[in-house]
Amino acid sequence: MLSSNIPVIAIDGPSASGKGTVAQRVATALGMHYLDSGALYRLLGLAAQKRGIVLEAEEQLAELAEQVDIRFGGDDIWLDGVTVGDELRTEEAGSAASKIAALPKVRAALLDRQRAFRQSPGLVADGRDMASVVFPDAVLKIFLTASAEARAERRYKQLKEKGMGANIAALLQDIRLRDERDAQRSVAPLQQAQGASLLDTTSLNIGQAVQEVLDRYRAVS
Ligand code: DC
């Protein structure tokens, strides 16, 4: 099958909106592949840290983005041949990813890597620019969001469940800062893409949000 005939569901949205969990469950329900594009930026941040590359070194980071050994398999993620655990989900890793993600050459270097996930029978991809830049021909484009307060609360619960320390006021501040940086950068800023439909999950649980995406997919496929 031509790659362009393989359906893509693009789910974009701000940090901690729940889009990762929703996208993953939609992929499972439809038997499709799943791309967590944020994990690529986070992994790149970790890889840079390991190599002592500063987060402003655009050329070096772009080169690293092309070459670094990153693999996804089931629930596991490998960096340089070693499985990566919870360190990928810390606020520090998110913040490093957000800084790296503002660099145009890094984003360009990651384009092909992201598009390689488009494999039969289909792909559910989540991130910030899935609908606008990476898969502009996606059959369904969703902008999934929730209030900053609801997102801070969800992230708080998530961290607590993992036994990690968390402070809700600090999380809320961090989410607001990250939203601002992701929305205001010059390349691929976080925004609702043309043709994307809004899904506000502030008062929805995960199951309801998943069902809503599945209903919208059925309506277009
Ligand atoms: O979705 P996330 O929180 O794991 O993403 C981490 C950071 O990476 C986030 O601050 C924005 C950035 N990102 C991006 O710029 N483009 C994407 N497609 C995915 C993530």
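As the structure lists them, so they are numbered: ligands from 1, and atoms in each ligand from 1.
Residue Arg89 has no nitrogen or oxygen atom sitting less than 3.5 Å from a nitrogen or oxygen atom of ligand 1, judged on distance alone. The N/O atoms of Asp36, backbone and side chain alike, include none that comes under 3.5 Å of an N/O atom in ligand 1. For ligand 1, the polar-atom distance check against Arg42 finds a nitrogen or oxygen pair separated by under 3.5 Å. Every N/O-N/O distance between Asp126 and ligand 1 stays at or above 3.5 Å. Looking at ligand 1, you'll find an N or O of Arg128 within less than 3.5 Å of one of its N or O atoms.
From the protein, the heavy atom lying nearest to atom 7 (C) of ligand 1 is Ala97 CB, 3.6 Å. Among protein heavy atoms, the minimum distance from atom 19 (C) of ligand 1 is reached at Ser37 OG, 3.4 Å. Nearest protein heavy-atom contact of atom 20 (C) of ligand 1 is Gly38 CA, 3.5 Å. When only non-hydrogen protein atoms are considered, atom 16 (N) of ligand 1 lies nearest to Arg107 NH2, 3.0 Å. Considering only non-hydrogen protein atoms, atom 12 (C) of ligand 1 sits nearest to Ala101 CB, 3.7 Å. For atom 11 (C) of ligand 1, the closest non-hydrogen atom on the protein side is Asp182 OD2, 3.5 Å.
Using a 4.0 Å cut-off between charged side-chain N and carboxylate O, Arg176 and Asp174 make no salt bridge. Checked for salt-bridge contact, Arg151 and Asp179 meet the test: a charged N lies under 4.0 Å from a carboxylate O. Checked for salt-bridge contact, Arg89 and Asp36 meet the test: a charged N lies under 4.0 Å from a carboxylate O. Using a 4.0 Å cut-off between a side-chain N of Lys or Arg and a carboxylate O of Asp or Glu, Asp12 and Lys141 do not qualify as a salt bridge. Between Arg51 and Asp80 there is a salt bridge, since at least one side-chain N of the basic residue sits less than 4.0 Å from a carboxylate O of the acidic one. With salt bridges taken as basic N to acidic carboxylate O contacts below 4.0 Å, one links Glu212 and Arg216.
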> Do Arg107 and Asp129 pass the salt bridge (charged side-chain N to carboxylate O under 4.0 Å, His left out) test, and can you show the C-alpha distance, the side-chain angles, and the key distance before you say yes or no?
Replying inline: CA-CA 10 Å; Arg107 302 197 72 85; Asp129 61 344; 2.9 Å; yes

>> As a quick check of understanding, evaluate ring-ring contact (aromatic ring centres under 6.0 Å, His included) for Tyr34 and Phe72, giving each step before the final call.
In response: CA-CA 10 Å; Tyr34 167 59; Phe72 293 84; 8.5 Å; no

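Side-chain contact between Leu79 and Leu46 is present, with heavy atoms from C-beta onward closer than 4.5 Å. Considering only heavy atoms from C-beta on, Pro104 comes within 4.5 Å of Glu58 through its side chain.
Interface atoms of ligand 1 facing Arg178, defined by a heavy-atom separation under 4.0 Å, are 3 (O), 10 (O). The Met130 neighbourhood of ligand 1 comprises atoms 18 (N), with distances under 4.0 Å to a heavy atom of that residue. The atoms of ligand 1 that sit less than 4.0 Å from any heavy atom of Lys19 are 1 (O).
Under 4.0 Å from ligand 1, not a single heavy atom of Arg181 appears.
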